[in-house]
Number of protein chains: 2
Amino acid sequence: MATLKTRDHIVEAADQLFYSQGYTHTSFSNIASAVNISRGNFYYYFKTKDEILDAVIKLRLADTGAQLAQWESADGHAADRIRSFINILIANRTKIKQYGCPVGTLSTELAKLNHASQDQANALFTLFRAWLRRQFTLLGHKTDADELAMHLLSRSQGVATLANAFNDEEFIRHEVRHMCAWLESLTKKTPLTESSAHHV
Amino acid sequence: MATLKTRDHIVEAADQLFYSQGYTHTSFSNIASAVNISRGNFYYYFKTKDEILDAVIKLRLADTGAQLAQWESADGHAADRIRSFINILIANRTKIKQYGCPVGTLSTELAKLNHASQDQANALFTLFRAWLRRQFTLLGHKTDADELAMHLLSRSQGVATLANAFNDEEFIRHEVRHMCAWLESLTKKTPLTESSAHHV
DNA sequence: GTCTATACCTGGATAGAC
DNA sequence: GTCTATCCAGGTATAGAC
C-alpha cells in the first residue's frame with residue numbers, strides 16, 4: 001500500500017537521522033526533506049515528534065528481536081551466538097566510529113532529556129541482555145548468567161564510545177579479540193558435557 | 001573580583017546543565033536563570049553558545065588535570081593510582097546513574113552535532129588515557145601500556161552507560177570489583193593463564 | 001494523501017538605556 | 001556590568017486547498 005510505504009519511509013529516515021544527528025538535533029524539516037515530502041504531509045502520519053520516536057524505537061525493537069531470534073534458532077553452540085554479538089562491533093565499525101552505538105547513544109540522550117520514551121528505548125538494552133543471559137546460561141553459567149550478560153554488554157558499549165571519540169578502528173579489533181578470548185576462557189572452565197547437563 | 005565571579009558562575013552553571021541536560025537541550029535562558037542574571041547580561045561575557053562550551057571544556061580539562069596531577073604526585077604505587085581512577089565510578093555513582101559519564105556523554109553528543117569543539121572535548125579522554133598509560137608503564141607494561149589504558153577507559157565508559165540506562169548501582173559495584181581484580185592480575189608477575197586474567 | 005500557507009513559540013543574538 | 005526591549009531564524013504544529 002502506498003500509505004504504508006510513505007509512513008515506512010518516514011520512520012526509516014527518522015531512524016537514520018536520529019542515529020547520525022541525535023533526536024533533539026533532528027528537525028521535521030530534516031526528515032521531510034530526506035523523504036522528499038512536505039512538512040505538512042508529515043503530520044498526516046505523525047502528530048508529534050514523540051510519536052515518530054516511538055515508531056523508530058518500535059522498528060529497532062522489531063529488527064533487533066528478529067536478528068537475535070535468527071541467531072538463536074540457527075544451529076551452533078551458544079558460544080558461537082555470543083561471538084556473533086561481539087562481532088556486531090566489527091560489522092558496524094564504520095558507523096560506530098562515526099556515530100557510536102545506536103542503542104547506547106539514544107539511551108544516553110533520552111536520559112538527559114528525561115524523555116517519556118526513555119524506558120522503551122532501554123527495552124532495546126533489555127532485549128540484548130536477556131538474549132545474552134540465555135546464551136550464558138546454556139554455557140553452564142546458571143548463577144552468574146546475568147552478570148556475564150551485563151559485563152559483555154558493558155564492554156561493547158565502552159568500545160563503541162571510545163571508537164567514536166578516537167575514530168579508531170584498530171582499537172575495536174583489538175578489544176573484539178580481547179572479548180573473544182574472555183569468552184573462550186569461560187567455555188574452557190565449563191566443558192561441553194557440563195554445559196549440556198545444564199541445558200534445559 | 002566581581003567580574004570574574006559572575007563569569008565563573010556562568011561557566012559553572014553551564015557545566016552542570018550541559019552535563020545533566022546535554023549541550024543542545026540547554027538554552028541561554030536555562031543558564032541565565034540558574035545564575036540569576038538576565039539573558040542580555042549574558043552576552044557581556046560570552047558572545048556565542050560555542051564560547052560557553054569552550055569555557056566549560058577548559059574548566060573540565062583544568063579540574064581533571066589537577067585531580068590527576070594530585071594523584072600522581074601523591075605517594076603510593078601506580079596500582080593504587082589506577083584504583084583511584086576506577087573508584088571514580090563509585091564516588092560519582094549517583095550522578096552517573098542519572099546522567100552517565102560527563103566526559104563520554106559530551107563526546108558522544110558533540111560527535112553527532114559534528115561540533116567544532118569535538119576535538120577539545122576528546123582531549124578530556126586523552127588526558128585520562130595518557131595518565132593511565134603512564135601508570136601502566138610504571139607497572140612494567142612497556143609495550144602494551146596504551147592498550148591497557150584504552151581498555152580500562154573503555155570498561156569504565158561501558159559501566160557508566162549501562163548504569164545510567166538501568167539505574168543500577170549494584171552493577172557499578174560489581175564491575176568495579178571486576179576491574180580491580182583484573183588490575184590485580186596484571187601486577188602479578190606470572191599469572192596462571194592469560195585468559196584467567198580476564199575473568200573474575 | 002499531499003500540498004501551501006501560516007500561526008505560534010523558543011532560542012540565539014543585538015542595541016541601547018541605566 | 002546589568003538590565004529591558006527587540007530582531008530574526010528555525011522549530012513544532014495547524015488549517016485548509018487540491
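Numbered from 1 within each chain, the chains take letters A, B, ... in sequence-line order.
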Rounded to whole Å, please give me the gap between [atom1] in [X] and [atom2] in [N].
X: I31(B); N: dA13(C); atom1: CD1; atom2: C1'; value: 14 Å
X: F42(B); N: dT10(C); atom1: CZ; atom2: P; value: 18 Å
X: Q21(B); N: dG11(C); atom1: CD; atom2: P; value: 10 Å
X: I37(A); N: dT4(C); atom1: CD1; atom2: P; value: 11 Å
X: N41(B); N: dA15(C); atom1: CG; atom2: P; value: 16 Å
X: Y23(B); N: dG11(C); atom1: OH; atom2: C1'; value: 12 Å
X: Y44(A); N: dC18(D); atom1: OH; atom2: C1'; value: 15 Å
X: D50(A); N: dA13(D); atom1: CG; atom2: C1'; value: 13 Å

Not counting sequence neighbours, list each pair that qualifies as a salt bridge (Lys or Arg N to Asp or Glu O under 4.0 Å) and has a residue in residues 156-166 of chain B.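 Found none.
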
What nitrogen or oxygen pairs link the protein and nucleotides 7-12 of chain D at under 3.5 Å?
from: dT12(D); atom 1: OP1; to: K49(A); atom 2: NZ; distance (Å): 3.4
from: dT12(D); atom 1: OP2; to: F28(A); atom 2: N; distance (Å): 2.8

Partners of [X] by side-chain hydrogen bond (donor to acceptor under 3.5 Å, both in side chains), sequence neighbours excluded?
X: K97(B); value: E169(B)
X: K58(A); value: D54(A)
X: S84(A); value: none

Which sits closer to the 5' end of DNA chain C, K47(B) or S38(A), going by the nucleotide each is nearest to?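 That would be S38(A).
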
Within the structure provided, determine whether R155(A) and H151(B) are in side-chain contact (heavy-atom separation under 4.5 Å).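 In short, these two side chains touch, coming nearer than 4.5 Å.
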
Please list, one pair per line, the donor and acceptor atoms closer than 3.5 Å that link side chains of residues 143-150 of chain B to other protein atoms, with sequence neighbours excluded.
from: D144(B); atom 1: OD1; to: H141(B); atom 2: ND1; distance (Å): 3.2
from: D146(B); atom 1: OD1; to: R129(B); atom 2: NE; distance (Å): 3.0
from: D146(B); atom 1: OD1; to: R133(B); atom 2: NH1; distance (Å): 2.8
from: D146(B); atom 1: OD2; to: R129(B); atom 2: NH2; distance (Å): 2.8

